[in-house]
A.B. asks: 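Right, I'll just put the structure down here and ask away after.
Just follow the structure's listing: the first ligand is 1, and inside any ligand the first atom is 1.
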Amino acid sequence: MTTRPPTASGLDDVVAAETALSDVDGQAGRLVIRGHRVEDLVSSATFEEVCGLMWQGAMPAPAEREGLRTALAGARDHAFGLIPSLGAALEATDAMEALRAAVAHLRTTGNLHDDAVLLTGAIPVFAAAWHRAREARELVPPDASLTQAADFLHMLSGTAAPPARVAGLDAYLCCVVDHGMNASTFVARAVASTGSDPVSAIVAAIGALKGPLHGGAPGPVLDMLDAIGRPERARAWLEGELAAGRRIMGMGHRIYRVRDPRAAALERAASALERSGAATERLLMARSVEREAERLLAERHPERHLKTNVEFYTAVLLEAVGVPRTLFSTTFAASRVVGWCAHVEEQRRVGRLIRPASRYVGPAA
Ligand code: COA
């Protein structure tokens, strides 16, 4: 049997699937999603359009987009109706743990597209319900007249969100929908390759996304900005972290050797909010911390080109639109579920079990 040499670095450069969904060029800093540059999707598409693009392969016409919006609204309504039967799922202290448990209660419809709609509609409902329950506030039922982004903010706060905030969240949801063979997508595809159902695949993917090296960084990015407090303290604080052997959250990436293109797209989306009077202080602070962190990391790891990743400006943008930091990872899941479902469908068409090899290094019999 021919095998690649085992690698301690995490399967770098191993091609695990052919995909028509997204292409990440880490050297050029380019992300193409079904033929569209991510920055174009962020600046000019809506979340519902990106769902159509991912699941059907082309930008939906206006009537199809409205059909998707209505279908997602129906899925949110269905998920809200399930909440009384979720047992203790939403009582978990960690939002991702609650989400994983709640999503596990969904039942597959037996149709991949319908499952994608069901799962995508459910995640913001469970996330908002977890947040409201923790604050001992009454749950807010979904509003079928709203878009997914507008309804998520409405279910969180109980009031209609200003259009600039809805646009900011919509931009985020478009931005992180898919990203090549990242860890959670690989997990979803591995589960799908066994012939298991999409709900099982997405529960497993949520588990993978929960880890701080994947989807858990934006909350700690805000904690870092809070701890630094003032731009002039950034260098000393970051030096202290590196000296203690800790990683700077929101910096570095397995694939990108330049600034993550999603960081730029999200910084632009946050700047749009800045023009409407929000996020000004945070952005000032974030930009100076980014400059110092990149400078320090370049001194320490000149060979690695450690630059800003998507999580850095995710933190700034999600805070500005009004998503509490405890929900940053679940909001990531609310977008990435669209990509996971598209990969599940793609993998099911391939129809071959993912089953890599390992090299035994234990004692001989
Ligand atoms: N801060 C400090 N040092 C970092 C770093 C960071 N954010 N990212 C990487 N490094 C260091 C590593 O410690 C390693 O140093 P060593 O060889 O002395 O041990 C070196 O740079 C090489 O790391 P690399 O191989 O590029 O990292 P990776 O591919 O294993 O990890 C991440 C990629 C994303 C996990 C890593 O950059 C990281 O932990 N970043 C912070 C968490 C984060 O923002 N996650 C969200 C990712 S989108």
A.B. asks: Which is closest to atom 36 (C) of ligand 1 in terms of heavy atoms, M249, R247, H253, R246?
C.D. replies: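 Looking at heavy atoms only, the winner is R247.
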A.B. asks: Does R30, at its CZ atom, have more than 12 non-hydrogen atoms belonging to other residues, nucleotides or ligands within less than 6.0 Å?
C.D. replies: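 No, CZ of R30 has 12 or fewer neighbouring heavy atoms, counting only those of other groups under 6.0 Å.
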A.B. asks: Which bit of E311 gets closer than 4.0 Å to ligand 1, counting heavy atoms only: side chain, backbone, both or neither?
C.D. replies: side chain
A.B. asks: Is there a nitrogen or oxygen of V310 sitting under 3.5 Å from a nitrogen or oxygen of ligand 1?
C.D. replies: no
A.B. asks: Does a sphere of radius 6.0 Å around CD in E18 hold more than 12 heavy atoms from other residues, nucleotides or ligands, not counting ones at 6.0 Å or beyond?
C.D. replies: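 Atom CD in E18 is not crowded, with 12 or fewer foreign heavy atoms closer than 6.0 Å.
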A.B. asks: Taking NZ, NE, NH1 and NH2 as the nitrogens, is one of them in D115 or R107 under 4.0 Å from a carboxylate oxygen of the other?
C.D. replies: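 Salt bridge between D115 and R107, a charged N being under 4.0 Å from a carboxylate O: no.
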A.B. asks: For ligand 1, is any non-hydrogen atom under 4.0 Å from H301's backbone (N, CA, C, O), its side chain (CB onward), both, or neither?
C.D. replies: side chain
A.B. asks: Counting only nitrogen or oxygen atoms and a 3.5 angstrom limit, does N309 reach ligand 1?
C.D. replies: yes
A.B. asks: Going by ring pair (Phe, Tyr, Trp, His ring centres under 6.0 Å), name the residues that satisfy it together with H301, two or more places apart in sequence or in a different chain.
C.D. replies: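 Ring pair (Phe, Tyr, Trp, His ring centres under 6.0 Å) list for H301, sorted by chain: empty.
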A.B. asks: Taking only Lys NZ, Arg NE, NH1 and NH2, and the carboxylate oxygens of Asp or Glu, determine whether R69 and E66 approach each other closer than 4.0 Å.
C.D. replies: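 Yes, R69 and E66 are salt-bridged.
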A.B. asks: Give a yes/no on ligand 1: does E241 have at least one heavy atom closer than 4.0 angstrom to it?
C.D. replies: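 No, E241 has no heavy atoms under 4.0 Å from ligand 1.
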A.B. asks: At less than 4.0 angstrom from any non-hydrogen atom of L297, what atoms of ligand 1 do you find?
C.D. replies: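 Close to L297: 1 (N), 2 (C), 3 (N).
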A.B. asks: So is there a nitrogen or oxygen of L242 less than 3.5 Å from a nitrogen or oxygen in ligand 1?
C.D. replies: no
A.B. asks: Indicate, as side chain, backbone, both or neither, the part of D260 found under 4.0 angstrom from ligand 1 when only non-hydrogen atoms are considered.
C.D. replies: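 Neither; no heavy atom under 4.0 Å.
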A.B. asks: Check H214 against ligand 1 and report side chain, backbone, both or neither, counting heavy atoms closer than 4.0 Å.
C.D. replies: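 Near ligand 1, H214 shows its backbone, while the atoms from C-beta on stay back.
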A.B. asks: At a 4.0 Å threshold, what atoms of ligand 1 neighbour a non-hydrogen atom of G250?
C.D. replies: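 Result: 43 (C), 44 (O).
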A.B. asks: Looking only at non-hydrogen atoms, which of R262, R304, M251 approaches atom 40 (N) of ligand 1 most closely?
C.D. replies: M251
A.B. asks: For atom 21 (O) of ligand 1, which of the options D12, L306, L238 provides the nearest non-hydrogen atom?
C.D. replies: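 Ranked by closest heavy atom to atom 21 (O) of ligand 1, first place is L306.
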A.B. asks: Could you check whether any heavy atom of V221 sits closer than 4.0 Å to an atom of ligand 1, since that is the contact criterion I want to use?
C.D. replies: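 The answer is no: ligand 1 sits nowhere under 4.0 Å from a heavy atom of V221.
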A.B. asks: Between R65 and E48, does the salt bridge (Lys or Arg N to Asp or Glu O under 4.0 Å) criterion hold? Intermediate values first, please.
C.D. replies: CA-CA 6 Å; R65 186 185 59 210; E48 280 75 6; over 6 Å; no
A.B. asks: Measure R254 to ligand 1 on non-hydrogen atoms and call it side chain, backbone, both or neither using the 4.0 Å cut-off.
C.D. replies: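 Both backbone and side chain of R254 come within 4.0 Å of ligand 1.
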A.B. asks: Specify whether Y172 and F332 have parallel, tilted or perpendicular ring planes, treating 30° as the upper limit for parallel and 60° as the lower limit for perpendicular.
C.D. replies: perpendicular
A.B. asks: When you look at H253 and H179, which way does the ring-ring contact (aromatic ring centres under 6.0 Å, His included) test go after all the steps?
C.D. replies: CA-CA 12 Å; H253 198 273; H179 198 243; 5.5 Å; yes
A.B. asks: Is the number of heavy atoms from other residues, nucleotides or ligands under 6.0 Å of E281 CD greater than 12?
C.D. replies: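 No, not enclosed.
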A.B. asks: In plain terms, say whether E294 and R235 are close enough for a salt bridge, that is, a side-chain N and a carboxylate O under 4.0 Å apart.
C.D. replies: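 Judged by the 4.0 Å cut-off on N to carboxylate O distance, E294 and R235 do not form a salt bridge.
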